[in-house]
Amino acid sequence: MSETHSASAAEVAAPHRYTAAMAADIEARWQDFWDAEGTYAAPNPSGDLAGDPARVALPKKFIMDMFPYPSGAGLHVGHPLGYIATDVYARFARMTGHNVLHTLGFDAFGLPAEQYAVQTGTHPRVSTEANIRNMKAQLRRLGLGHDQRRSFATIDPDYYRWTQWIFLQIFNSWYDDTAKRARPIGELVAQFESGERATPDGRPWGALSTAERADVLGGFRLAYASDAPVNWCPGLGTVLANEEVTAEGRSERGNFPVFKAKLRQWNMRITAYADRLLDDLDALDWPEAIKLQQRNWIGRSEGVRIDFPVHKAGDGDASITVFTTRQDTLFGATYMVLAPEHELVDAIVPAAWPEGTHAVWTGGYATPAEAVAEYRKQAAAKSDVERQTEAKDKTGVFTGAYATNPVSGERVPVFIADYVLAGYGTGAVMAVPAHDARDFAFARVFELPMRCVVEPSDGRGSDPTTWEDAFGSYDAKIVNSTGEGVSLDGLGVVDAKVRMTEWLAARGIGEGTVNFRLRDWLFSRQRYWGEPFPIVYDEDGIAHALPESMLPLELPEVDDYSPRTFDPNDADTQPETPLSRNEDWVNVELDLGDGRGTRRFRRETNTMPNWAGSCWYELRYLDPHNSGKPVDPEIERYWMGPRDGQPHGGVDLYVGGAEHAVLHLLYARFWSKVLFDLGHVSSAEPFHKLFNQGMIQAYVYRDSRGIAVPAAEVEERDGAYYHQGEKVSRLLGKMGKSLKNAVTPDEICAEYGADTLRLYEMAMGPLDVSRPWDTRAVVGQYRLLQRLWRNIVDEDTGAVTVTDAEPDEDTLRALHKAIDGVTGDMAGLRFNTAIAKVTEVNNHLTKTGGPVPRSVAERLVLLAAPLAPHIAEELWHRLGHPSSVVHQDFPVADPAYLVDETVTCVVQIKGKVRARLEVPPSISDEELEALALGDETVRGALGGAGIRKVIVRAPKLVNIVPA
RNA sequence: GAGCGAGUGGCGCAAUCGGCAGACGCAGCGGACUUAAAAUCCGUCGCCCCGCACGGGGUAUGUGGGUUCGAAUCCCACCUCGCUCACCA
């Protein structure tokens, strides 16, 4: 593209035409102006960002994007889609009388930044800061109206100081199940001291050693370290949260295998909030799909815990507690399965196989102990990937022990199998093979008995051995379920559940309970590039919080920040934290201010996960420079506080991708609730309205070897695609460097200007739908801006051509309909149709010819201002207004012009349009019917046939049904 | 396997409540300007048929059925695509 050529030719043709060169000039000028004037500064009610009280008195709107990760690759046109949308909405909100807070920070800790640093051999701080500068420049070019005073990055010590502070708040709290809220840990200690609450082993608090007390409190703290099976990823050299592991059992980042390993790690007790995280979803204005994903992730299920008596191998009795949601099928429980890791397994395994044990059950081992040990070894060596792919082939082994079904009194064999998960429920199940697909498959393999207790309603008969699958329907009657003191026979599933639960409770062998799928959040990573934990260990290994005065605990500058990674498939490896290599930093002498003077400590060398920084950033936007608190309570209440009787407040609009459905969005909600419980914030929910924008897709062209070729070099001929003469295939995919189809905002801005890019991205389709990028189509929005410009400015002289004459009726109708439509579309985030309406009224003015009335031109400029702010600002000033268009009032439609003088009424005969009538909008049904039936065309079409029925919907429709 | 969502011109899409299908834009086609091209402007544009033309008729929202005076829109079944979850007891 020879840009200089076209630009100079355009200048010759029309020196004042709206061209890319002119757009570049206009855009740069107004961006500088906005910066200098602080046009987008949102005043706080108090503090260092306090401002114009009149503006503070307006209703507030807090509009937010999911903040970006400053990657080294820079932006492509897909990235700013959401940022442009929130900017348009924020501008519309400003023009409709709101105090608007809109800014953007950077989520800059975490794995990708660190990996990029390792690849390029630059320190992550250096590369990350360079990336942020680059991204800021790219974003500034788009004319986003951000309050720059409020921007920050999560790696700023001024910011992560408060991330650490919040961690300590969580560390120093416990969840009071009675009050259903978090409370300071000191209040728990007081309960132990007073004896109001008993210690776990019943000894008085004063009799416990320091270490014992620390242990007890660790069992309550909302942030705690524990030895537990975690997701260990040798390929990344770090452990991962459940949310970061894919369904295939691989790491979301890097796609490496993930293994279960028992390691001492930090956790957040998010499970304490399971019910509130679930319940509070109802009041949120979020897409149902995202709410559903969170509900599924939290996974609430109601059931019962049932005790199955079992003999210990040595001496004494024990019981295996199972969790089930199908207590109605208890009579059909013919065996039990424990997770291989279940703690009771060793206790119940006998020395020898019982007399007559089925050969299939023993796995060919001589003793139960040997079989169990071998099976455990095999299970542990399996990666989650293997577990997943082999899910259909059930494996397991008999423990040699029998338990007793408490309702039938039957002796049931106890197995271990990896299809029972240690982390869910009690890690043990009662197996009902006839009515559960997994138990059915297992029973087939091990030739276990099956009993039908829910009568099949699909005619398959009542002998499970002849079935092809388990029968799980809820719409059936219970059978074969009569025992001592209880019978469920003839009841429906729902009633049977109630009866069984009552019976179990009365006998003290079971109780109704609620179980959640959600696990605690694994919160430590073996990485350099993250927030250090404000935790030190004393010589006894007891964890202590650093006092507030020692925050921020800065990440030490080190030369060796690489993670220790391993062969991705080697499960027998141990994580190593990069910070632990730095002995000078790790070993410290500190006075923690606890009255015990200066002592020796070792620092915690894990770092926080990437998600920590994004868990509370909305709060820091509000009061970014506060050095005494994360956010001032008055300022927080102003922007986040509940309104209009809502149970919670929060951000008014939060726009981002759906990929964060159960990660960031769940973690941020959790932190909000803790901070709310502890009285630091006024809203228990961070984001009131959530909107997921779609993705901008792009065509990927591949040659015969399947390798992507540069999309920009592909030519189309007769519906086929060619790269350097070779035919290539075309598929729709993601946009990105690796697929060689990235288009940058910089190139589009250079070719057409930022306003054109903004319009095109908003006009492509509905915001929540994914659609393919088409660079060829961008020119359409460029032409719109050129026509808008030409309607106001003479291309040859540069003079403003508007007239003071009154607009005609048609023009007023077109204008006010557009105002009315655009207002509704903007409020509903339907920017694509808003642009269509602006285009329509602009086209109307173009067609009319002659100078445009000033009143119309001005309102058209205001209509376009949120979408194309630079050209609007320029035209607004050329029209003689000295102050910025940004804070003008959005035009209001005059209802008088929303009604047409005449409307077209369609006359249908049997639903087919046969005639059109121009009628006044106020016409009555009777008048319209008479008019339609008298119409010549209609009479002709009826051809003398009689009339059975006439449907009239004045003034738009008459439908005649002939006899 | 389960759940959710979506299928409309060559393409992106519009149709707010069941009432003129295809707004707006791209591409295409015809024209103006130009020595020429690009850019720009004007016109045209679902498909099929009749007609020199004005115009007229038929048909059409993934497929098949249903409800209704009337269906892109509501209901049932099926097909295709997308997303999410997936041994959760």
Answer yes or no: side-chain N or O of A/R916 and base N or O of B/C20 forming a donor-acceptor pair under 3.5 Å. yes
Determine the contact category for A/D439: base if any of its heavy atoms lies under 4.0 Å from a base atom, sugar-phosphate if only primed atoms, P, OP1 or OP2 are that close, otherwise nothing. nothing
Which part of the nucleic acid does A/A836 contact within heavy-atom distance under 4.0 Å: base, sugar-phosphate only, or nothing? base
Whether the side chain of A/K956 and the base of B/C20 hold a donor-acceptor pair under 3.5 Å is what I'd like checked. no
Hey, does A/E288 reach any base, or is it just sugar-phosphate, or nothing, if we go heavy atoms under 4.0 Å? nothing
Watson-Crick or G-U wobble partner of B/U44, both distances under 3.5 Å: B/G28
Is the base of B/C54 syn or anti, where syn means the angle lies within 90° of 0? anti
NA contact type, A/N296, heavy-atom cut-off 4.0 Å: base, sugar-phosphate, or nothing? nothing
If the glycosidic angle is within 90 degrees of 0 it's syn, otherwise anti, so just tell me which one B/G12 is. anti
Euclidean distance for P, B/G64 against B/A71 (whole angstrom): 15 Å
Over all strands shown, is A/K847 touching base, sugar-phosphate only, or nothing at heavy-atom distances under 4.0 angstrom? sugar-phosphate
For nucleotides B/C29 and B/C20, find the distance between their C1' atoms and express it as a whole number of Å. 27 Å
When you measure from the side-chain N and O atoms of A/N832 to the phosphate of B/A14, is any distance below 4.0 Å, counting only OP1 and OP2? yes
What is the nucleic acid contact for A/V420, judged by heavy atoms within less than 4.0 Å: base, sugar-phosphate only, or nothing? base
Heavy atoms under 4.0 Å, any strand shown: does A/R790 hit a base, just sugar-phosphate, or nothing? sugar-phosphate
Got a donor-acceptor pair under 3.5 Å from the side chain of A/R953 to the base of B/G19? yes
Charged N to carboxylate O under 4.0 angstrom, A/R939 versus A/E936? no
Separation of the C1' atoms in B/G31 and B/C83, to the nearest angstrom: 48 Å
Take atom P in B/C50 and the same atom in B/C54, then report the distance between them in whole Å. 16 Å
Within the 4.0 Å heavy-atom criterion, would you say A/Q908 contacts the bases, only the backbone, or no part of the nucleic acid? base
For A/T833 and A/R326, find the nucleotide of RNA chain B closest to each by heavy atoms; which residue's nucleotide sits nearer the 5' end? A/T833
Rounding to the closest angstrom, what is the interatomic distance between B/G9 and B/C26 at atom C1'? 13 Å
Using a heavy-atom cut-off of 4.0 Å across all strands, would you classify A/R914 as base, sugar-phosphate, or nothing? sugar-phosphate
Heavy atoms only, 4.0 Å cut-off, all strands: where does A/R519 land among base, sugar-phosphate and nothing? base
